Asker: 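Would you mind keeping the following structure in view while I ask a few things?
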2 protein chains.
Amino acid sequence: MKASQFFISTLKEAPADAEIVSHKLMLRAGFIKRLGAGIYNYMPMGLRVIRKVEHIIREEMNRAGAVELLMPVVQPAELWQETGRFDKMGPELLRVKDRHERDFIIQPTSEEVITDIARQELRSYKQLPKNFYHIQTKFRDERRPRFGVMRGREFTMKDAYSFDRDVAAAGKSYDAMYAAYCAIFDRLGLQYRAVAADTGAIGGDRSHEFQVIAETGEDAIVYCPTSSYAANIELAESVALLPQRAAAAQALEKTPTPGKSTCEDVAELLGLPLARTVKSLVLATDECNEQGDIVKATVWLLLVRGDHALNEVKAGKLDGLKAGYRFATAAEIDDHFGCKPGYLGPIGLKKPVKVIADRTVANMSDFVCGANDADFHFTGVNWGRDLPEPDLVADIRNAVAGDPSPDGQGVLAIQRGIEVGHVFYLGTKYSKAMNATYLDESGKPQLMEMGCYGIGVTRILGAAIEQNHDERGIVWPDSIAPFTVVVCPIGYDRNAEVKAAADTLHDRLAALGIDVLLDDRGERPGAMFADWELIGVPHRLVLSDRGLKEGQVEYQGRRDAAATKVAWADAVAHLQNRLSPGS
Amino acid sequence: MKASQFFISTLKEAPADAEIVSHKLMLRAGFIKRLGAGIYNYMPMGLRVIRKVEHIIREEMNRAGAVELLMPVVQPAELWQETGRFDKMGPELLRVKDRHERDFIIQPTSEEVITDIARQELRSYKQLPKNFYHIQTKFRDERRPRFGVMRGREFTMKDAYSFDRDVAAAGKSYDAMYAAYCAIFDRLGLQYRAVAADTGAIGGDRSHEFQVIAETGEDAIVYCPTSSYAANIELAESVALLPQRAAAAQALEKTPTPGKSTCEDVAELLGLPLARTVKSLVLATDECNEQGDIVKATVWLLLVRGDHALNEVKAGKLDGLKAGYRFATAAEIDDHFGCKPGYLGPIGLKKPVKVIADRTVANMSDFVCGANDADFHFTGVNWGRDLPEPDLVADIRNAVAGDPSPDGQGVLAIQRGIEVGHVFYLGTKYSKAMNATYLDESGKPQLMEMGCYGIGVTRILGAAIEQNHDERGIVWPDSIAPFTVVVCPIGYDRNAEVKAAADTLHDRLAALGIDVLLDDRGERPGAMFADWELIGVPHRLVLSDRGLKEGQVEYQGRRDAAATKVAWADAVAHLQNRLSPGS
């Protein structure tokens, strides 16, 4: 293709509201154009990348036996009412009424619609397993859309849904999708990690996120470099850092700590390691009567080591908390502890609370905690001697780098990642709500076991750029670059030999099926090169009058420090050697 | 591909609410599945056709120099308010509020968004001409969605928008799109006609519809078989059927016609040809003051020959009516004619009205019309003698088959058609409303000249089926069939030789790039053949144990009356000879 038949629009500066590098570069390189908050036009350059990503996804999904269909963007509310999501989902679900005042939603996902299709179409065990997917426009009315395509409102997603006869078969479907996702992200040319993830309120008990590794990622990935262990921070298990509780060596002492309300401040004041302190967090749960009125509130004291952070997801899975918890009110805290936050602790309570100690805290001795008296802490605190054993010992903290891997195979490290894919075992959550059954061999109806599998197509553009860029612009992997090769003739508009050579080279590469663009705009070399480095085309061939007279062209890979002179006759072969396989 | 890796779902009977054949067949063959009124899931079989249609459109649009991008489904209201369409468009425009109560629309087209892009991106005459297109989901909240994909609410459309520096250049862009559309519909393998169309209220003065010929079409196409003249019924010019007015031969006579209120009844009663009668239609126009109150109503009498029909679009273009007209009220009719409808005419009015005569009526003599007296008509009516010449003579009727072609090159015929494409010269309607200008050579801002070009992608499926079906099902053109060839082995699941031969044949065809499906379901021949005839795959190869023993396979084209026995060794070549070029 020639640039004159295409549309290239680059900017020197990104608009001020672009906060992260991928957003800035996508705007500057003319991949997207803002239409509204979290809503973008995909300009011709950006759409080429989307199409290449979609093509790879489609090929691998088909190879894995999934079948493509297309479900609507605008979906009737009835099905969403069957599962309760029409009411349960928050304002991120865009609701709309048609001319007859009937309720519809703009789809954020399609569990309801696909389950409706499955319950009508998949009637016999002979039709299972089945995996349907579509690549379709989604909408989520984010409260605060930002970061360009990373947290947009309208976006393109591939979502697949598997239907199986039992848990074992569903596991196979899950594994097939996991493998397909690995194949997809391999082919996309991205560094990624599949990490075990929490299944949250959606249900089911098996879930992996596919995270593109990038320093700017919003998610923390916990992994073990010497084993296969990888989980997101919400799920990653934290073992006790102390193998067993040491005997008490210090006496309990109430120590003044005026104005020192954080563990850091207290440790500094007392000249102790932060790891000797214990942090108190106060939660509450409510019991309601049949009318929904709160009849009883229970207060919980959660204890983590001073250098650790509470993991709210883990806490939310514990007996007593899993039906839903909240942070305690100031009144509840005062009522139970007789003290303001900052000096709370498990000793000397006004009213009983349930005490949950993190695994590490449960093995600590001679530790420091709040004395339930403003400006005082206890030191030399020991379980059993100074306070009763905790009601519950559990993993309630975030893993940190250096923790032992829960598989015993090494030490954990933490990376930042951007979630671009998710495989999720749903169980019968939707099939039960919508009565999606098949008839087994004995003619008995059985609920279908389901899984769902998403890939954020447009988000991949942002993630790929966050991972692959430099000060000059984007560095696309070959497989998803808007063009694989750009031919840059110097003086195309005024030098007949350069023009002829450039046309020839372009045609030869195109004939080989290489996705090549000829820049026939007649731009000056500096501006032309800057454009293509910003846009991130991975391979460049420069033709100049002088070079051609010497029988040479210049090749430069986007990551190369300098150009390489290549004989005209070898130009195509040289380029082919530098292309990634399959691109 | 093998059937077991795909999803085939056929029905013996179509649901009762499917009214037209394409809707019935699409449901029965498993191409679509209803989700809500006018909203369909595109099942795997249907999506394959859509993708093939899109592919052909994309290739020809690109070849014509158009550049693909992607504009959002959910669009902010602001741009639509700039052009006034947010308020002007009726309830078919689906309006939605986001969580912050801001107005959005679900796009039915994208003139506003593309003009917004153009006014930002196309700054210089050097960047023109430019033609952007996208293939995107659209929504029109039809009051009464019906006929499946023919008048759905959510549908896929290709819409392109050209930007030019002046009218002459816009004409070239228009011609290029016209040619591209011909290439597209040729490749789609459909019988179609490009017909001149009315430009209506959208503005501009050049417009063609691309109509797929089908007896069941909603639109009437007027064309001349011996010339290139073709226009839709709204636009097709009707010449005077009488070259000049003959001299009066009869006296004016008031004749009793009790209970005969239609021209047909009157002609029968009087024993005269219908072509001797004149029909009276009474319209009214209102003049408003600055406050919008009606201050004056004018009554118009339109006269067409008894066997002709008023063309409301043509009437709406006449001076005095083009600002908007309505049918007169009973009170207005009584006030001006002193008579009830059925016996109205231009002679003996109570109050003056404006008389507009169709070209043919203006040349009639000795004609029959209502006498403005219930149960009476005048016969022997002659212009000038019995009543004044009409205030205006104009083309106000629908063309009928047998009319002389307005180009003088033959006689008009009428076909039914389904509109699947539209090319439209917009002029500066949108660029003016949104101030989309470019800088010309002298640095002066000039409004861009625009054109818009739509193709109803999903509608093409319905139109193709309306045109191509028989009592057994669909007959797809090769280029857009869900599969080009189906290999039907009899006893695939129980005969190793049949299985091996079928696999071999499938693999050979696939290796040649032919889109082939192997039916490995093990269905009985009758059910298997019925499925594929319903689905409409154009080429079928049947393998049986007996045939293979005789070294033969059976080939049957979907339109063939019977199968042809072909030697096994010649099967591929025989098939290739039967494929349409390019499929």
Side-chain angles (χ1 to χ4, degrees), chain A residues 1 4-7 9 30 33 35-37 39-48 50-51 62 65-76 78-79 90-92 94-100 102 104 106 113-114 116-117 120-121 127 130 132 134 136-137 139 141-143 153-154 156, chain B residues 1 4-7 9 30 33 35-37 39-48 50-51 62 65-76 78-79 90-92 94-100 102 104 106 113-114 116-117 120-121 127 130 132 134 136-137 139 141-143 153-154 156:
Chain A
M1 188 185 286
S4 56
Q5 298 164 325
F6 194 62
F7 184 74
S9 175
K33 194 164 182 69
L35 180 59
I39 301 178
Y40 293 90
N41 294 300
Y42 289 92
M43 298 299 285
M45 196 71 78
L47 184 60
R48 288 185 72 87
I50 291 175
R51 294 286 182 242
N62 293 348
V67 182
E68 189 176 4
L69 45 63
L70 189 65
M71 293 175 277
V73 173
V74 179
Q75 302 183 347
E78 284 81 359
L79 296 175
E92 69 274 18
L94 190 61
R95 296 162 174 88
V96 51
K97 282 183 191 293
D98 76 356
R99 65 193 295 156
H100 302 297
R102 284 185 295 239
F104 289 80
I106 310 299
V113 172
I114 199 72
D116 181 53
I117 290 173
Q120 295 177 66
E121 293 286 343
Q127 293 174 282
K130 211 80 220 176
F132 292 112
H134 72 163
Q136 179 61 298
T137 302
F139 200 94
D141 198 2
E142 294 275 355
R143 194 175 59 83
R153 295 202 285 177
E154 182 168 323
T156 302
Chain B
M1 186 186 286
S4 56
Q5 299 164 327
F6 193 62
F7 184 75
S9 175
K33 196 165 180 68
L35 179 60
I39 300 179
Y40 293 90
N41 294 299
Y42 289 92
M43 298 299 284
M45 197 69 82
L47 184 60
R48 288 185 72 87
I50 292 177
R51 293 286 183 243
N62 293 348
V67 182
E68 189 176 5
L69 45 64
L70 189 65
M71 293 175 277
V73 173
V74 179
Q75 301 183 347
E78 284 81 0
L79 296 175
E92 70 273 16
L94 190 61
R95 295 162 176 90
V96 51
K97 282 182 191 292
D98 75 358
R99 66 194 292 156
H100 302 297
R102 283 185 296 239
F104 289 80
I106 310 298
V113 172
I114 198 70
D116 181 52
I117 291 173
Q120 294 176 66
E121 293 287 343
Q127 293 174 282
K130 210 80 222 176
F132 292 113
H134 71 164
Q136 179 62 299
T137 303
F139 200 93
D141 198 1
E142 294 275 355
R143 195 175 59 84
R153 296 202 286 177
E154 183 168 321
T156 301

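This one's a predicted model, so the numbers in the text were calculated from it and none came from an experiment. Residue numbering restarts at 1 for every chain, and letters A, B, ... go by the order of the sequence lines. Only this structure's heavy atoms are used, side chains among them; waters, hydrogens and symmetry mates stay out.
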Asker: For B/Phe6, which atoms come within 4.5 Å of any heavy atom of chain A: side chain, backbone, both, or neither?
Answerer: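 For B/Phe6, the contact with chain A is made by backbone and side chain together.
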Asker: Starting at CD of B/Glu121, measure out to CD of B/Gln127 and round the result to the nearest 0.5 Å.
Answerer: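 Nearest 0.5 Å value for the CD-CD distance: 7.5 Å.
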Asker: A/Gln75, A/Met43, A/Met45, A/Gln5: which one forms the most heavy-atom pairs within less than 4.5 Å of chain B?
Answerer: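 Looking at each of A/Gln75, A/Met43, A/Met45, A/Gln5 in turn, A/Met43 comes out on top.
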Asker: A/Glu142 versus chain B, heavy atoms under 4.5 Å apart: side chain, backbone, both or neither?
Answerer: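 For A/Glu142, backbone heavy atoms alone lie under 4.5 Å from chain B.
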Asker: Counting only heavy atoms closer than 4.5 Å, note whether A/Lys97 contacts chain B via side chain, backbone, both or neither.
Answerer: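 For A/Lys97, backbone heavy atoms alone lie under 4.5 Å from chain B.
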Asker: Sort B/Leu70 into side chain, backbone, both or neither according to what part of it lies under 4.5 angstrom from a heavy atom of chain A.
Answerer: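 Both parts, backbone and side chain.
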Asker: Which bit of A/Glu68 is near chain B, if near means a heavy-atom gap under 4.5 Å: side chain, backbone, both or neither?
Answerer: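 Both the backbone and the side chain of A/Glu68 come within 4.5 Å of chain B.
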Asker: Report the distance from atom CZ of B/Arg143 to atom CG of A/Asp98, rounding to the nearest 0.5 Å.
Answerer: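 The distance works out to 13.0 Å.
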Asker: Contact part of B/Ile50 toward chain A, heavy-atom cut-off under 4.5 Å: side chain, backbone, both or neither?
Answerer: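 Contact with chain A is absent: no heavy atom of B/Ile50 under 4.5 Å.
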Asker: Closest approach of B/His134 and B/Leu69, non-hydrogen atoms and distance?
Answerer: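 Looks like CB-O, 2.9 Å.
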Asker: If I measure from the heavy atoms of chain B, does A/Arg95 come under 4.5 Å with its side chain, its backbone, both, or neither?
Answerer: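 When you check distances to chain B, only backbone atoms of A/Arg95 fall under 4.5 Å.
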Asker: Over all heavy atoms of both residues, which pair between B/Thr137 and B/Val73 is shortest? Give the atoms and the distance, please.
Answerer: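 Scanning both residues completely, I find the closest heavy atoms to be O-CG2, 4.0 Å.
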Asker: According to side chain to side chain donor-acceptor pair (under 3.5 Å), who are the partners of A/Asp116, at least two apart in sequence or on a separate chain?
Answerer: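 Applying side chain to side chain donor-acceptor pair (under 3.5 Å) to A/Asp116 gives A/Arg119, A/Gln120.
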Asker: Look at B/Ser4, B/Ser9, B/Gly36, B/Gly30 and state which one has the largest set of heavy-atom pairs under 4.5 Å with chain A.
Answerer: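 That would be B/Ser9.
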Asker: Specify which of B/Arg102, B/Arg48, B/Lys130, B/His100 makes the most heavy-atom pairs with chain A at under 4.5 Å.
Answerer: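 Max contact count across the listed options: B/Lys130.
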Asker: Going by heavy atoms in the side chains, are A/Phe104 and B/Ile39 under 4.5 Å from each other?
Answerer: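 Yes; the side chains approach each other to less than 4.5 Å.
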Asker: To the nearest 0.5 angstrom, please state how far the CE atom of B/Met71 sits from the NZ atom of A/Lys33.
Answerer: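 One gets 13.0 Å once the value is rounded to the nearest 0.5 Å.
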Asker: How long is the span from the CZ atom in A/Phe139 to the CZ atom in A/Arg153, to the nearest 0.5 Å?
Answerer: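 Interatomic distance, A/Phe139 CZ to A/Arg153 CZ, rounded to 0.5 Å: 4.5 Å.
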Asker: Most heavy-atom pairs under 4.5 angstrom with chain B, which of A/Leu47, A/Asp141, A/Ile106?
Answerer: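 Maximum pair count with chain B is reached by A/Asp141.
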Asker: Can you measure from OH (A/Tyr42) to CD (A/Glu154) and round to the nearest 0.5 angstrom?
Answerer: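 Nearest 0.5 Å value for the OH-CD distance: 8.0 Å.
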Asker: In terms of heavy-atom pairs under 4.5 Å, which option from A/Pro72, A/Pro76, A/Gly46 contacts chain B the most?
Answerer: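 Going by pairs under 4.5 Å, I would pick A/Pro72.
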Asker: Where does A/Leu94 contact chain B at under 4.5 Å (heavy atoms): side chain, backbone, both or neither?
Answerer: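 Only the side chain of A/Leu94 comes within 4.5 Å of chain B.
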Asker: My understanding is that only residues two or more places apart in sequence, or in another chain, count here; which of them pass side chain to side chain donor-acceptor pair (under 3.5 Å) with A/Tyr40?
Answerer: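 Result, side chain to side chain donor-acceptor pair (under 3.5 Å) vs A/Tyr40: A/His23.
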Asker: Considering only heavy atoms and a distance below 4.5 Å, find which of B/Val96, B/Leu79, B/Asn62 pairs most often with chain A.
Answerer: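 Option with the greatest count: B/Val96.
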Asker: Most heavy-atom pairs under 4.5 angstrom with chain A, which of B/Pro91, B/Gly90, B/Ala66?
Answerer: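 Most pairs with chain A among the choices: B/Pro91.
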